[in-house]
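Below, each value reflects all heavy atoms present in this structure, side chains not excepted, and no hydrogens, waters or symmetry copies.
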Amino acid sequence: MSEIKITLPDGSVKAVANGTTGYEIARSISEGLARNALSIEVNGEIRDLSRPISADASIRIFTWNDKGGKYAFWHSSAHLLAEALEALYPGVKFGIGPPIENGFYYDVDLNGQPFGEEDLVKVEQKMLELAKTNSAFVRKDVSKADAIRFFTEKGDPYKIELLQDLADGTITFYQQGNFTDLCRGPHIPTTSPIKAVKLLNVAGAYWRGNEKNKMLTRIYGITFPKQKELEEYLLLLEEAKKRDHRKLGKELELFAFSEKVGMGLPLWLPKGTVLRERLEQFMRRAQVKAGYDPVVTPHIGGKSLYVTSGHYEKYGKDSFQPIHTPDEGEEFLLKPMNCPHHCEIYKVKPRSYKDLPIRLAEFGTVYRYEQSGELHGLTRVRGFTQDDAHIFCRPDQVKEEFIKVIDLVLHVFTSLGFDQYTAQVSLRDPENKQKYIGEDALWDRAEREIQEAADERGLKTVAVKGEAAFYGPKLDFMVRDALGRSWQLGTIQVDYQLPQRFELEYIGSDNQKHRPVMIHRAPFGSLERFVAVLIEHCAGNFPLWLSPEQVAVLPISEKFNTYAQEVLNVLKESDIRGFLDDRDEKIGRKIRDAEVTKVPFMLIVGEKEVAERKVAVRLHGKGDQGSVSLDEFARQYAREFALPV
RNA sequence: GCCAGCGUAGCUCAGGGGUAGAGCAACGGUUUCGUAAACCGUAGGCCAAGGGUUCAAAUCCCUUCGCUGGCUCCA
């Protein structure tokens, strides 16, 4: 029997018999690894451990700690879900059942049977019962004809439809227990590592994601090798629920919605407005430093502005409809973007190459008619404010400008406590270059320069082909919040289209007309979405400089109200935001109310404090800090009260 | 926009054909208090809106609006 060479992740090479399986290799390394191994990567392809390896390969064995291991684990769990469903609901038809970032789902057609919470519990129990049987996931090559015959007999029309698109010779089945599914794998060796199961929710999903097709029932679930891990995950979900910005926004009186105003149109309450304006102030200051010129443009624009920009053609009918005036035929649109207005500002006068880059910044409120089902708290709304800016520059300035914007974005993230972030470089689809506007050479250059700019700033990036906008490549920032969830925030986009459509030009050193490149950028993205993410990230405990109410002054009884008012006045003179709780309540009650509304500082004043001209400082969540003079208090926390630099 | 579930007091929620309920908040009193909820009382509702079934509807049915979870879309 011939031998093959297996390269391990550490670079060492093992010679094994041709046809050795991943499991055997794992066992040859250690029993522990063999016990925990879930799948194997062979030359970059994730496979079953039980598949023989028949050529030289570099491999990597995946356990629960690897994405590839979880992927196989959850994929197998989806099959287990299907097996349980088939046992409990005979005649159920199956769509697809893939693993996802957190768990897996299976789309099923229950023939119109209702499926509720109790059913989920029933199915969970069946899954656990089946998992205990320790059935192996068995892979089997089948011919297309046999596969179609199998599902025809079984009566699974969706699987037959999937089979139509597959080439004969590439089709595999996986079987565990009494359940056989069309599947390319990979799977874990047996069902027994699946020790903890939770079916999370049920939702409708169109067959193959097309709204013209039948709606199937999608069952979401998650599984773990240990009960404890499931419990931790459920705790995390609970914590996420507690931090939900819609809940905290209501409790902390930051924003509200009104049916009369309209869905998806947030109302910023006084406290939310403080928060928002502090963020704006912070950004304004950073932008002035970075050489931006603030501008202001109206909330509406003539229809022809958007005809020129191309937005009317692309989004006109799916958007807020034109506003009419008493003048016949006159139409205005609510602005869905700020860039057309900024292009017109650029065109106010002729520009020289020496003027560039020109950076126009505006907190511009835009209106987009999102589909009703898509609205969600502050993260998906129909009216929102972008911390928008457009940089008009020469092609040779793109990279430098990109670097500057990256610096600004990172400054924002770190100032707000988002220290884990990644970026996605969105490039053209090389197979489909005609989909994009702009010269090939410019694209090549911009794509290269974006990547270089990101690299120079040490950004962790993932390049994704085919994700660019049709008008230019972009760099999107993703932050990881305190619960480990990823959010897409800021974006930087190169645009060749608008300068062309608006016929923007500048006079070069050669005395010829040239077309500037435009860079759209928004570090926050939208204030609304950013505030939502921030609320959930810090659970409503904002950094002091952002906190709507920084200090609560709490007199112990009404006898000390006068001194308390004095204290508050002094604070206000130093631009510290605070309020006086002079209600006829006991101090314990006042403290509790301040604690639950997450006020960072409580200054308690009673007989002692009045006598010594001091305040007793209590920190939110940390308790009594002892007494200090007001001056000392202000001095001690001055830096935290102020905007970060 | 599509599918499913949900809409009861300012908030959190009970009640599921026969007089509309609780806690917190609000308001009025009493109390003047030292680090997470004082006590007593009062008021508060077209049970999302509209239509139907019924002797009788918050409750059952239909429509509309809104919210939630997904799907689709996202300049």
Side-chain angles (χ1 to χ4, degrees), chain A residues 95 100 105 107 110 112 114-117 200-220 241 244 246-247 250-251 253 256-264 306 309-316 318-319 335-340 366-377 379-382 386 388 469-472 474 488 491 493 495 497-498 520 522 552 554-561 582-597 602-609 616-627:
Chain A
I100 51 176
Y105 66 80
D107 283 344
L110 290 159
F115 194 85
E117 293 287 311
L200 297 158
N201 52 27
V202 181
Y206 300 108
W207 168 236
R208 314 195 100 178
N210 185 334
E211 61 185 289
K212 291 190 184 75
N213 288 338
K214 186 166 181 187
M215 168 102 31
L216 305 180
T217 305
R218 176 168 296 180
I219 301 171
Y220 285 90
K241 226 178 188 173
D244 190 319
R246 292 166 301 181
K247 179 173 135 77
K250 195 185 271 183
E251 286 171 6
E253 297 183 4
F257 290 91
S258 144
E259 277 190 38
K260 282 217 173 101
V261 172
M263 57 209 273
Y306 302 103
S309 74
H311 293 112
Y312 186 78
E313 194 196 350
K314 194 143 194 241
Y315 295 101
D318 303 317
S319 197
K335 74 172 167 189
M337 299 213 68
N338 303 301
C339 25
V366 297
Y367 298 89
R368 298 177 183 178
Y369 190 80
E370 304 294 353
Q371 293 188 55
S372 60
E374 197 44 52
L375 301 174
H376 180 92
T379 58
R380 261 317 250 192
V381 286
R382 284 179 172 169
Q386 297 176 310
D388 209 359
F470 68 94
Y471 50 79
K474 55 179 184 170
Q488 204 223 297
T491 174
Q493 312 186 355
D495 186 347
Q497 188 199 204
L498 280 185
H520 309 247
L554 312 179
I556 287 191
S557 85
E558 71 181 19
K559 285 191 285 195
F560 315 109
N561 283 355
D582 58 1
R583 289 177 305 167
D584 181 9
E585 291 289 352
K586 292 178 25 174
I587 193 64
R589 175 53 179 276
K590 293 182 184 183
I591 285 168
R592 185 189 143 80
D593 288 348
E595 288 280 355
V596 301
T597 50
M602 284 149 274
L603 298 184
I604 294 149
V605 294
E607 203 174 338
K608 266 191 304 195
E609 286 72 24
V617 178
R618 185 189 161 100
L619 273 173
H620 171 71
K622 299 208 176 80
D624 194 0
Q625 308 288 306
S627 298

| field | Pair A:Asn338-A:Asp388, side-chain donor/acceptor within less than 3.5 Å | value | yes
For atom [atom1], what is the distance between [N] and [M], given to the nearest Å?
N     : M     : atom1 : answer
B:C6  : B:C47 : C1'   : 14 Å
B:U63 : B:A75 : P     : 34 Å
B:A49 : B:G45 : C1'   : 15 Å
B:C11 : B:C65 : C1'   : 22 Å
B:G18 : B:C60 : C1'   : 15 Å
B:U68 : B:U54 : C1'   : 33 Å
B:G10 : B:G52 : C1'   : 33 Å
B:G17 : B:U12 : C1'   : 27 Å

Using a 4.0 Å heavy-atom cut-off across all strands, classify [X] as base, sugar-phosphate, or nothing.
X        : result
A:Lys586 : base
A:Ile587 : sugar-phosphate
A:Glu558 : base
A:Glu609 : base
A:Ala616 : base
A:Glu370 : nothing
A:Glu585 : base
A:Gly588 : sugar-phosphate

In whole angstrom, what separates [X]'s [atom1] from [N]'s [atom2]?
X        : N     : atom1 : atom2 : result
A:Asp624 : B:U35 : CG    : P     : 9 Å
A:Arg618 : B:G34 : CZ    : C1'   : 11 Å
A:Asp318 : B:A75 : CG    : P     : 12 Å
A:Arg583 : B:A26 : CZ    : P     : 7 Å
A:Asn338 : B:A75 : CG    : P     : 15 Å
A:Leu375 : B:G1  : CG    : C1'   : 11 Å
A:His620 : B:U35 : NE2   : C1'   : 15 Å
A:Tyr105 : B:G69 : OH    : C1'   : 15 Å

| said: Counting distance alone, no hydrogens or angles: does the base of B:C74 have a donor or acceptor under 3.5 Å from a partner atom on the side chain of A:Arg368? | reply: no
Can you tell me if [X] touches the phosphate of [N], counting only side-chain N or O atoms and a distance under 4.0 Å to OP1 or OP2?
X        : N     : value
A:His376 : B:C67 : no
A:Tyr315 : B:A75 : yes
A:Arg589 : B:A25 : yes
A:Arg246 : B:G69 : yes
A:Arg218 : B:C71 : yes
A:Lys250 : B:U12 : yes

If you compare all heavy atoms of [X] against all heavy atoms of [Y], which two are closest, and at what distance to 0.1 Å?
X        : Y        : result
A:Val381 : A:Glu370 : O-CG, 3.4 Å
A:Trp207 : A:Leu216 : CE3-CD1, 3.7 Å
A:Lys247 : A:Lys241 : CD-O, 3.8 Å
A:Pro555 : A:Asp582 : CG-CA, 4.4 Å

| Hey, what do you get for NZ (A:Lys474) to CG (A:Asp495), rounding to the nearest 0.5 Å? | 12.0 Å
| Is the closest basic N to carboxylate O distance between A:Arg618 and A:Glu595 below 4.0 Å? | yes
| Stacking check A:Tyr220 vs B:G70 (5.5 Å / 30 deg) | no
| Which nucleotide, B:G1, B:C2, B:U32, lies nearest any side-chain atom of A:Met215? | B:C2
| note | Against the side chain of A:Ile556, the closest entry in B:G34, B:A75, B:G1 is B:G34
| query | Taking side chain as C-beta onward, heavy atoms only, is A:Met337 less than 4.5 Å from A:Tyr306? | reply | no
